[in-house]
Amino acid sequence: MEWYYAAGNDRRGPVTDDEFQTLIDQGVVNAQTLVWREPMPDWAPLAAAGRQPSPSSVPGTPAKFAAPCICAECGKPSSSADTVQIMGNDVCAGCKDRVLEKMRMGVSIGGTAWRDGKKLVIADGSQLPDQCVKCSLPAEGSRMKRKFLWHPPLVYIAFLVNILLYIILALCFRKTVKAEIGVCPGCRGRRVRDLFIGWLAFVSGLVVGFAGLANGAIWGWAGPVLFLFGVCWLVGRTQLLLPSRIKDGRAWLRGCHKDYLARLPEWTEL
Ligand SMILES: [Zn+2]
Ligand SMILES: [Zn+2]
């Protein structure tokens, strides 16, 4: 039986079963090393290929098997048993296929932000550059923690049936991505002003509407108008970035400044 194994950027082998065992015992091939032999359908980490170090060498190796790994693609910690090494990078099981495909296409792995047309793509937990997403000027250290929520648009159909059903489905299917984004002091100030205008119209619309209704006064019609204006204003002007999709821990966001996007690498769909 002959084995092949990955070492850095190289494919090594074939080696005999005995030679392979020696490599394992020496630690050259460890639990995360990608290995292959007939009749495995694809390369897999040694741990998944059903091989262990021989008993005599075990005392020297447990640390390797227990060490926590950080995935080079998604940046999340991953247990060493679920981690594979690709070109010298630790990659979690969830990112393995993606990383292999990226390497085949010559796309660099890792990263936290990309551009996809007019949309900003960010990875969950990313810290975006010190640059304002709204005007692309330096953010001067001014950052905002945001949590983006999204659910598949089909869920909106439930809204037509029953609002409670909609809420339940939305909670079940929603996905979230958290990020720290740069927003310059100027844009922050404008947003506070817009929030104030929006809520003022919203609340005064309610007050005027109900007061008009109670008094049977014709000016009560101004209430719903003000109220609707407030809602549209809040939705249209105070959202920093609007998620249009969340998939595999990455969010597609609308509303980012074009110069900001221009500096980011292009997103590659795999
Ligand atoms: Zn990963
Ligand atoms: Zn700004």
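One-based numbering, in listed order, for ligands and for the atoms of each.
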Which atom of Leu46 lies closest to which atom of Asn30, heavy atoms considered: CB-O, 3.3 Å
Donor-acceptor side-chain pairing of Gln21 and Asp17 below 3.5 angstrom: no
Geometry at the Zn ion (ligand 1) - Cys71 SG versus Cys95 SG angle, rounded to 10 degrees: 110°
Heavy-atom pair with the smallest gap, counting every atom of Val35 and Trp3: CG2-CZ3, 3.9 Å
His257 N/O/S atom closer than 2.8 Å to the Zn ion (ligand 2): no
Mutual orientation of the aromatic rings belonging to Trp233 and Phe229 [parallel < 30°, tilted 30-60°, perpendicular > 60°]: tilted
Angle subtended at the Zn ion (ligand 2) by Cys135 SG and Cys132 SG, rounded to 10 degrees: 110°
